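Everything numeric here is computed off the predicted structure, so don't read it as measured data.
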Amino acid sequence: MSEQLASDLRQLVADPARVITAPAVLDRLSHDFYWYSPILRPQLADKQGDIAVQPVSVEEVLAILRFAGQHEISVTTRGAGTGNYGQCVPLHGGIILDLSLMDKLESITEDGVAVCQPGLRLGALETEARARGWELRMYPSTLVKASIGGFLGGGSGGIGSVAHGGLRDFDTVRAFEVVTMEDEPRVVLHEGATVHEILHAWGTNGILTRIWFALTPAVAWTQVTIAFDDYDRAFDFAESIAGGAEWTKRLVTVFEWPIPSFFTPVKQVVRQGKALVLLMIATDQLTLLHGAAQSAGGEVTFTGPYDGPRTQPLLSDYTWNHTTLWAMKADPAWTYLQCGFSPTGCREQFHKLRERFGEEFLFHIEFMKNGEGVVIPGAIPVVRFTTPERLQEMIDYCRAIGVFVANPHVNYLEDGGRFRPDNIQLRAKQKYDPRGLLNPGKMISFHKESLEVETAK
């Protein structure tokens with residue numbers, strides 16, 4: 001990193017202390033939880049930005065991108081760094097654009113839309129929204145730390161998706177403003193269907209600077225865990241709750257044994273050798289839920305109110321991809337996949353996977369609603385890593401039997417499972433970042449050379 005680069009960037013922000021060159025800090029800002037993947041771990045460990053800048057306004061973002069474009073310097077945007085796929089890891093050095101200080105909640109409208117900056121922590125938004133009678137429609141298991149900009153750029157759904165779908169569904173993301181990496185950067189408003197140009201594109205085609213995010217009326221929730229003798233009974237019960245229109249739910253999760261044994265801080269809710277269902281259910285339905293669980297042969301092992309992100313124990317800390325973290329703490333050989341099972345043929349798919357891979361493949365189901373309003377058994381199975389070839393065999397076999405897989409062991413969008421087949425994200429990159437300076441290497445279908453050839457014709 002040249003001293004001249006640092007000096008130049010200090011002229012673009014009001015406080016020069018927000019230009020960061022300290023190696024240890026640069027290393028932290030250059031990485032996320034990519035090490036969940038034994039494939040990505042060696043690929044990304046030594047990648048690092050040359051310098052980091054922490055803007056506090058759209059004007060500073062514009063100035064930084066204008067400077068970077070003039071000097072052909074790559075820019076990788078960082079939220080809170082809670083992602084698991086190396087989204088914010090710079091492959092070619094350059095500038096780390098850390099948006100954590102752009103963290104203002106501007107307003108919550110009368111109809112429940114949060115207007116905010118991208119660095120706002122989801123936990124802070126959940127707390128403030130609930131104080132005003134609203135709550136997040138969905139959020140990742142990293143609720144306390146994750147930022148809303150990072151969630152839109154690299155996430156897809158989470159707790160709440162069983163009722164409200166994913167980030168791409170049901171007009172949850174109403175609009176946002178994006179700074180482009182054109183010859184002259186500009187702020188472009190995306191609203192309605194145009195948000196899909198930018199959603200889940202890892203900051204490869206624009207920088208989110210202002211977001212309109214729909215909330216939902218707050219509900220008094222109770223956390224519940226229910227143990228079942230075997231996975232099949234646990235799944236059947238969870239499916240009935242997830243798909244039952246009569247139930248008001250925010251989370252429906254199923255773990256087969258031995259996954260519950262990994263949750264050592266909440267071992268009191270676990271029963272040896274038994275599958276575990278974890279729910280967030282409307283408090284006024286708790287009595288009905290107890291009766292349904294008993295009728296299905298389940299044992300309710302815990303109930304407790306949800307009082308916001310600081311609830312203890314916060315059982316969502318053991319769901320979604322936090323489950324993988326607890327598995328890795330128990331045995332570093334565990335890793336994960338991201339899957340979607342058939343809502344009608346999932347039991348046959350479960351059987352085939354068990355027959356093929358035995359206990360190398362442990363079922364962890366997260367029920368969620370898709371864009372058509374159908375509740376499906378999404379999954380983040382815990383899988384044992386032995387070799388890259390065996391891991392790829394699992395992925396290939398899942399796809400062969402109709403199980404959707406978003407591969408979390410690659411560091412590019414196209415096989416990560418959220419790249420749109422209509423190429424709308426690619427076209428947005430060609431339009432807003434024609435020189436390929438935003439997070440280069442993460443959208444492999446983009447080729448700067450082909451654009452230059454087209455221009456020359």
Side-chain angles (χ1 to χ4, degrees), residues 30-37 39-41 43-44 47 49 74-79 81-92 94 96-97 99 118 140 146-147 149-158 166-169 173 176 178-181 190 193-208 321 336-340 371 378 380 391-392 395 398-399 404-451:
S30 296
H31 295 99
D32 58 12
F33 289 82
Y34 69 93
W35 46 264
Y36 273 39
S37 166
I39 306 297
L40 296 181
R41 197 178 304 143
Q43 293 178 10
L44 302 180
K47 303 298 183 184
S74 64
V75 176
T76 301
T77 310
R78 177 187 173 87
T82 60
N84 304 114
Y85 327 115
Q87 298 107 311
C88 69
V89 178
L91 301 181
H92 302 286
I96 299 293
L97 192 70
L99 299 180
S147 69
F151 188 36
L152 270 58
S156 56
L167 284 174
R168 287 180 172 168
D169 305 321
V173 182
F176 43 63
V178 174
V179 174
T180 69
M181 183 57 108
H190 289 68
T194 65
V195 301
H196 299 294
E197 290 187 352
I198 308 297
L199 275 179
H200 200 87
W202 298 6
T204 58
N205 54 18
I207 310 299
L208 298 172
N321 220 10
Y336 72 115
L337 292 176
Q338 297 177 132
C339 298
I380 309 180
L391 184 61
Q392 188 61 50
I395 294 170
C398 281
R399 291 171 173 167
F404 166 81
V405 179
N407 186 357
H409 303 285
V410 294
N411 189 228
Y412 52 87
L413 279 162
E414 285 81 351
D415 197 35
R418 298 292 182 266
F419 197 70
R420 288 179 61 98
D422 57 10
N423 281 336
I424 192 172
Q425 296 149 306
L426 173 60
R427 294 200 301 272
K429 185 167 182 67
Q430 292 167 340
K431 179 168 51 174
Y432 298 135
D433 181 28
R435 291 163 294 182
L437 295 175
L438 293 179
N439 207 358
K442 304 294 177 64
M443 189 185 291
I444 59 174
S445 53
F446 172 83
H447 298 288
K448 179 183 174 183
E449 295 78 7
S450 63
L451 292 179

Trainee: Please report the C-alpha distance between Y85 and V410 in whole Å, then the side-chain angles of each, then the deciding distance to 0.1 Å, and finally whether the side chain to side chain contact (heavy atoms under 4.5 Å, CB included) criterion is met.
Mentor: CA-CA 7 Å; Y85 327 115; V410 294; over 6 Å; no
Trainee: R78 versus L99: any side-chain heavy-atom pair under 4.5 Å?
Mentor: no
Trainee: Rounded to the nearest 0.5 Å, what separation is found between the CZ atom of F404 and the SG atom of C339?
Mentor: 8.5 Å
Trainee: List for me each residue that meets side-chain hydrogen bond (donor to acceptor under 3.5 Å, both in side chains) alongside S445, sequence neighbours excluded, and say none if there are none.
Mentor: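 Scan of S445 (side-chain hydrogen bond (donor to acceptor under 3.5 Å, both in side chains), adjacent residues dropped) gives E414.
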Trainee: For the pair K448 (side chain) and Q430 (backbone), establish whether a donor and an acceptor sit closer than 3.5 Å, ignoring hydrogens and angles.
Mentor: no
Trainee: Would you call I39 and L391 a side-chain contact if the rule is heavy atoms closer than 4.5 Å?
Mentor: yes
Trainee: Which pair of non-hydrogen atoms, one from G79 and one from S147, has the smallest distance, and what is that distance?
Mentor: CA-OG, 3.6 Å
Trainee: Output yes when a side-chain donor or acceptor of N439 lies under 3.5 Å from a complementary backbone atom of G203, and no otherwise.
Mentor: no
Trainee: Counting distance only, does the side-chain N/O of R427 pair as donor-acceptor with the main-chain N or O of D422 below 3.5 Å?
Mentor: yes
Trainee: Give the minimum heavy-atom separation between I207 and L438, together with the two atoms involved.
Mentor: CD1-CD2, 4.0 Å
Trainee: Measuring from atom CD1 of I96 to atom NE2 of H31, what distance do you get when rounded to the nearest 0.5 angstrom?
Mentor: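 Reported to 0.5 Å precision, the distance equals 9.0 Å.
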Trainee: Can you name the nearest heavy-atom pair linking T76 to P90, along with the distance?
Mentor: OG1-CB, 3.6 Å
Trainee: Under a 4.5 Å cut-off applied to non-hydrogen side-chain atoms, are T180 and D433 in contact?
Mentor: no
Trainee: So, for H409 and Y36, is the gap between ring centers shorter than 6.0 Å?
Mentor: no
Trainee: Roughly how far apart are K47 NZ and C88 SG, rounded to 0.5 Å?
Mentor: 14.5 Å
Trainee: Going from NZ on K429 to CG on L437, what distance comes out if it is rounded to the nearest 0.5 angstrom?
Mentor: 8.0 Å
Trainee: Got W202 and N411 here, is their nearest side-chain heavy-atom distance under 4.5 Å?
Mentor: yes
Trainee: Calculate, to the nearest 0.5 Å, the distance between atoms OH and CG belonging to Y34 and L44 respectively.
Mentor: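 The distance works out to 6.5 Å.
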Trainee: Less than 3.5 Å apart, any donor N or O on the side chain of S74 or H92 sitting next to an acceptor on the other?
Mentor: no
Trainee: For the residue pair W35 and F33, does the interplanar ring angle fall in the parallel (under 30°), tilted (30 to 60°) or perpendicular (over 60°) class?
Mentor: tilted
Trainee: Looking at residues at least two apart in the chain, or sitting in another chain, which of them share a salt bridge (charged side-chain N to carboxylate O under 4.0 Å, His left out) with R399?
Mentor: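 Partners of R399 under the salt bridge (charged side-chain N to carboxylate O under 4.0 Å, His left out) test: D415.
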Trainee: Heavy-atom distance under 4.5 Å between the side chains of F446 and T204, does that happen here?
Mentor: no
Trainee: Ring-plane angle category for H190 and F176, please: parallel below 30°, perpendicular beyond 60°, tilted otherwise.
Mentor: tilted
Trainee: Which distance, rounded to the nearest 0.5 Å, do you find between the CD1 of I380 and the CG of L337?
Mentor: 10.5 Å
Trainee: Taking side chain as C-beta onward, heavy atoms only, is P440 less than 4.5 Å from L91?
Mentor: no
Trainee: Do E197 and N205 touch side chain to side chain, with heavy atoms closer than 4.5 Å?
Mentor: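 Of all side-chain heavy-atom pairs linking N205 with E197, none is under 4.5 Å.
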Trainee: Give the minimum heavy-atom separation between Y412 and G441, together with the two atoms involved.
Mentor: CB-O, 4.3 Å
Trainee: Could you tell me whether a side-chain N or O of D32 sits under 3.5 Å from a main-chain N or O of Q87, the two making a donor and an acceptor?
Mentor: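 Judged by distance alone, yes, a pair lies under 3.5 Å.
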Trainee: Between H200 and L167, is there a donor-acceptor pair closer than 3.5 Å when you use the side chain of the first and the backbone of the second?
Mentor: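 No, because the side chain of H200 does not come within donor-acceptor range (under 3.5 Å) of the backbone of L167.
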